[in-house]
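Report on the structure given below.
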Amino acid sequence: MRIVVAITGASGAIYGKRLLEVLQQAGHETHVVVSAHGWEVLEHECAIGRKEIRELATVLHEVEHVGASIASGSFLTEAMVIAPCSMRTLGSIAAGIADNLVLRAADVMLKEGRKLVIVPRETPLSAIHLENMLRLARLGVRVLPACPGFYHRPESLNEVIDMMVGKICDSLGIEHQLFPRWQG
Ligand SMILES: Cc1cc2nc3c(=O)[nH]c(=O)nc-3n(C[C@H](O)[C@H](O)[C@H](O)COP(=O)(O)O)c2cc1C
């Protein structure tokens with residue numbers, strides 16, 4: 001698959017990084033864009049920067065470059081994931097604002113009727129946040145809040161992270177062994 005992956009400035013940058021590792025290992029083509037605050041949180045929470053993300057991405061785009069391939073609907077992609085998705089990015093997409101490459105690529109997904117998966121992270125959520133999520137959900141966006149389950153009894157933080165990334169892969173229709181499935 002050719003998948004756009006965006007990392008924005010919400011807490012949980014590790015979800016975006018781990019998703020890139022999984023997609024790379026599975027041989028998918030990724031077009032990656034990180035917002036300015038996404039880079040800040042990646043550095044703060046994961047102590048990684050451009051070098052590490054470039055190694056995980058097939059193509060790393062600059063967030064200011066709204067003329068990049070993924071800014072056009074004529075560039076065919078199968079899906080886009082925004083993990084984590086800040087409330088600023090969520091609200092901008094819901095309002096139809098497309099003034100950076102994360103927002104423009106998401107806008108393209110909506111206008112072309114392609115799969116868009118967002119992993120919003122904030123707590124508590126205001127009515128504005130909830131309304132923005134509802135607005136996108138009604139447009140067919142898969143809203144996958146960063147709320148991992150614990151019914152698989154994780155013993156490490158990595159298992160908690162993989163639960164979320166596995167749910168993202170489920171939304172994309174990508175097979176994985178990231179967490180054991182509930183068997184009843
Ligand atoms: C360490 C750190 C953690 C943050 N965590 C969140 C968060 O969990 N959710 C959120 O919506 N914003 C969070 N923010 C604030 C966003 O980064 C800020 O609103 C920014 O404007 C988002 O821009 P972006 O959507 O272009 O990445 C955080 C900022 C920092 C520095």
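Every number for a ligand or one of its atoms is a count from 1 in the order of the listing.
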* To do: Mind running side-chain contact (heavy atoms from CB on, under 4.5 Å) on Val33 and Asn100 for me, showing each step along the way?
  => CA-CA 10 Å; Val33 54; Asn100 72 33; over 6 Å; no
* To do: Rounded to the nearest 0.5 Å, what's the gap from CD on Glu55 to CD1 on Ile48? Could you check?
  => 10.0 Å
* Glu155 side chain to Arg153 main-chain N or O, any donor-acceptor pair under 3.5 Å? -> no
* With heavy atoms under 4.0 Å as the rule, classify the contact between Glu45 and ligand 1 as side chain, backbone, both or neither. => neither
* Hey, quick one: are Val119 and Val102 part of the same hydrophobic cluster, counting side-chain heavy atoms closer than 4.5 Å, chains of contacts allowed? -> no
* Is there a nitrogen or oxygen of Thr8 sitting under 3.5 Å from a nitrogen or oxygen of ligand 1? -> no
* Just distances here: any N/O of Asn100 and N/O of ligand 1 closer than 3.5 Å? -> no
* May I ask you to check whether Met87 has an N/O atom sitting below 3.5 Å from an N/O atom of ligand 1? => yes
* Asked: Where do Glu62 and Arg50 land on the salt bridge (Lys or Arg N to Asp or Glu O under 4.0 Å) test, with the steps shown first?
  -> CA-CA 10 Å; Glu62 294 301 321; Arg50 276 190 158 68; 2.8 Å; yes
* To do: Among all protein heavy atoms, pick the one closest to atom 10 (C) of ligand 1 and tell me residue, atom and distance.
  => Glu122 OE2, 3.4 Å
* So which protein heavy atom does atom 9 (N) of ligand 1 come closest to, and at what separation? -> Arg121 O, 2.7 Å
* To do: Would you please classify the geometry between the Trp182 ring and the Tyr151 ring as parallel, tilted or perpendicular, with 30° and 60° separating the classes?
  => perpendicular
* Look at the side chain of Glu122 and the backbone N and O of Met87, then say whether any donor-acceptor pair between them is shorter than 3.5 Å. => no
* Looking at NZ of Lys115 and CE of Met109, how far apart are the two atoms once the value is rounded to the nearest 0.5 Å? -> 12.0 Å
* For ligand 1, the portion of Ser11 having any non-hydrogen atom under 4.0 Å away -> both
* Asked: For atom 2 (C) of ligand 1, what is the nearest protein heavy atom, given as residue, atom name and distance?
  -> Val41 CG2, 3.8 Å
* Would you mind checking which non-hydrogen protein atom is closest to atom 22 (C) of ligand 1, with the distance to 0.1 Å? => Ser86 OG, 3.7 Å
* **Ser35 neighbourhood, listing ligand 1 atoms whose heavy-atom distance to it stays under 4.0 Å** => 24 (P), 26 (O), 27 (O)
* Asked: Any non-hydrogen protein atom below 4.0 Å of atom 18 (C) of ligand 1?
  -> no
* To do: Could you tell me whether some N/O pair between Gly9 and ligand 1 is separated by less than 3.5 angstrom?
  => yes
* Structure fact -> ligand 1 atoms nearer than 4.0 angstrom to some heavy atom of Glu40 are 31 (C)
* Asked: What part of Thr89, side chain from CB on, backbone N/CA/C/O, both or neither, has a heavy atom under 4.0 Å from ligand 1?
  -> both
* Side-chain (Thr77) to main-chain (Ile3) donor-acceptor, under 3.5 angstrom -> no
* Would you say Arg88 has any N or O atom under 3.5 Å from an N or O of ligand 1, going by distance alone? -> yes
* Backbone N or O of Gly49 within a donor-acceptor pair of the Glu52 side chain at under 3.5 Å? -> yes
